[in-house]
Each structure stands twice: as C-alpha cells, then as structure tokens.
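What follows is a short report on a single structure.
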Amino acid sequence: MKKYILGIIGLLMCLTLSAQVTYTQADSLTICKLLKEAPQQASTLWFARQFHGIPYVAHTLEVNDQEQLVVNTRELDCTTLVETVTALTLCVQQEKRQWDDYLQMLRTLRYRQGVLDGYPSRLHYFTDWILDKQQMGLVSEIQQPNPPFTAVQRVSADFMSQHPNYYKALKANPSLVKEIRQQEQKLTGKMFRYIPKQEVRNTKLMRKTVRNGDIIAITCNKKGLEIAHLGFAVWQKDGLHLLNASQLHHKVVTEPMTLRQYLGKHKTHTGIRVIRINESNSQIVK
C-alpha cells in the first residue's frame, strides 16, 4: 500500500510539472537524444557544441500569458543557451537521463530556489541567477586570484522596473513591477570581482584561471543593467573565445575573434565574471 501511495504521489508530481511546460515534440526528441548519446563524462562544451548553428531568437520565454517552463531547443538566446547546456550537463553528471529529469533540472535553474510561481519567480537578472544557484550548490562564481580579477563591479539594477513596457508580462500586469523592483533593490549595491577587458589576455595565468566550459558573464556599464551577454569559455591557440547564441551571427557560434577582440568592439562592455558549474566528477570529456 505504501509503495502504491508513493507511486501515485510521484505520478501526480510528474503530471503537475508537465502541465506547466511548453514544448514541441522536436524539443523533447532533441533533449532525449542528447541525454542518451552523451558520453558518461560529457563536458559542458560537449553539450554546447551540439547547438552550433541553432538560430538566435530573442524572447522565446515570453510565449504564454501565464508563466510556464518553456523548452525551446530550436531557437536560443544567450540566456536560454546557458540554461539548456547547464541543465544537460548537470543531468548527466547526476546520472539522470530522462525527459522528466531534464524538466526538473531546467526548472531548478530558471526559477528562484527551483520553484515556478509566476513571472517574478523567474531569475531575470543574471547576478540573481548566480547567487541563487550558488546557494543551491549548483555553480560557483570565481573571483580570485587578483590579478586577473583586478576590478570590482557594484551592481545597480533597475532596468526592468524603469522600462516595464519592454517586457510582455510587466506590460500586461503592471502590478508585478513592484515585486520586480523589490528584487532589484536586493541586488543593488552588491559587489563582485571581475576581470576587466584589458586583462583578458592569452597568458598562463588566464589559462589557469578560466577553464573551458566556464560560463562567461560579460559585465557592462549600461544604466540599470549589470550583465550584457552570456556564453561559454573556449580556449584556442590564439586565446580565449566565446561560444554563444550570437545576435550578430544570428545563430549559436564559437566566435572566430578572441574574447579580448570581441569585448574591444563593444564600448559598454567592461569585462567578464566567471561562473563554474560544480562538477560531481572532475574527469570530463573535452
């Protein structure tokens, strides 16, 4: 009887999760294929490279009137690429290779403490994402040694509350702006060490500090924002490159130019913060 009750509870939990998910058959097939075919010690970059060529499309999470877990592997932006790849990496590390495992992991990453409870529960500012996932033990932000972490970013976050018309959910539900503003106020004033763009060089120190597959969060001086873009670190012979969902190239690419060159072409970019997915096993497939 106990096993029967537990089975019913598990089934209800799965049905509840599935009822809150938006996806296509193509999305589920892609995820299941990757989970099945990934090597036992597949690295973050192994998964990231599977999405090379996928079109860049913004606002793919804003497709429902009510907040739902959106799975879209056919179109990606910089944030959804990072979340998708991180979820796949953690699933395989934890030997969880089923569709429902992936849904649970993606929800855990995308929402505050993994709980989907309306639009404000989604982690909209990447600094908030870092802090929340670090608290959950899923990632670690690297802020040492100094150098190359010679600069300090003081977060000033108010872009969403100052521009609610840019966001479908806030435009439709102005009452949500107050909660978003409260979240921004909690972030504002927090300080983090980062590598300024002039220090992003092809040196032994940088190669030791930043690892292949680390999440790169590009800092900026845009008013009200702290992070401008996301991607994954890729070391090549000429230096550090960025694997990202690129608005410039309209698809997921490993940038042909070095990250130093990339940062230099964007006046508002100030440097990089480095976030590492916590590994359950240090032996990975490159």
Donor-acceptor contact present, side-chain [X] to main-chain [Y], <3.5 Å:
| X | Y | answer |
| --- | --- | --- |
| W129 | L109 | yes |
| Q261 | T258 | yes |
| N244 | L230 | no |
| K222 | T268 | no |
| N278 | G137 | yes |
| N165 | K171 | no |
| T188 | A157 | yes |

Rounded at 0.5 Å granularity, tell me how far [atom1] in [X] sits from [atom2] in [Y].
| X | Y | atom1 | atom2 | result |
| --- | --- | --- | --- | --- |
| R97 | L34 | CZ | CG | 10.5 Å |
| E226 | T270 | CD | OG1 | 10.5 Å |
| R122 | I180 | CZ | CD1 | 9.0 Å |
| H241 | T254 | NE2 | OG1 | 9.0 Å |
| C91 | Q98 | SG | CD | 10.0 Å |
| Q93 | Q40 | CD | CD | 10.5 Å |

Student check: side-chain heavy atoms of [X] and [Y] closer than 4.5 Å:
| X | Y | result |
| --- | --- | --- |
| F192 | I130 | no |
| T86 | K133 | no |
| L88 | I31 | yes |

Atom [atom1] of [X] with >12 non-hydrogen neighbours under 6.0 angstrom:
| X | atom1 | answer |
| --- | --- | --- |
| Q144 | CD | yes |
| Q182 | CD | yes |
| H163 | NE2 | yes |

Apply side-chain hydrogen bond (donor to acceptor under 3.5 Å, both in side chains) to N64 and T22, showing your working. CA-CA 9 Å; N64 301 303; T22 297; 3.0 Å; yes
Residue pairs passing the side chain to side chain donor-acceptor pair (under 3.5 Å) test with at least one member in residues 148-157, sequence neighbours excluded, are Q153-R273
Let me see the working for T80 and D77 under side-chain hydrogen bond (donor to acceptor under 3.5 Å, both in side chains), right down to the final yes or no. CA-CA 5 Å; T80 57; D77 62 23; 3.0 Å; yes
Working for side-chain hydrogen bond (donor to acceptor under 3.5 Å, both in side chains), residues Q183 and Y125: CA-CA 9 Å; Q183 294 173 2; Y125 288 90; over 6 Å; no
Flag the pair R112 and D128 as a salt bridge only when some basic side-chain nitrogen lies within less than 4.0 angstrom of an acidic carboxylate oxygen. yes
Among L116, V115, V21, whose side-chain contact (heavy atoms from CB on, under 4.5 Å) with R107 holds? L116
Angle class for the F159/Y166 ring planes (parallel below 30°, perpendicular above 60°, tilted otherwise)? tilted
Which word best sums up how the rings of H266 and Y262 line up, parallel for under 30°, tilted for 30 to 60°, or perpendicular for over 60°? tilted
Y119/H124 aromatic ring centres below 6.0 Å: yes
If the condition is side chain to side chain contact (heavy atoms under 4.5 Å, CB included), which residues does L205 pass it with, not counting sequence neighbours? P145, P147, P148, T203, T209
Contact summary for W235 and M206, nearest pair of heavy atoms: CZ2-O, 3.4 Å
Please step through side-chain hydrogen bond (donor to acceptor under 3.5 Å, both in side chains) for the pair E184 and S161, ending with a clear verdict. CA-CA 8 Å; E184 293 171 338; S161 62; 2.5 Å; yes
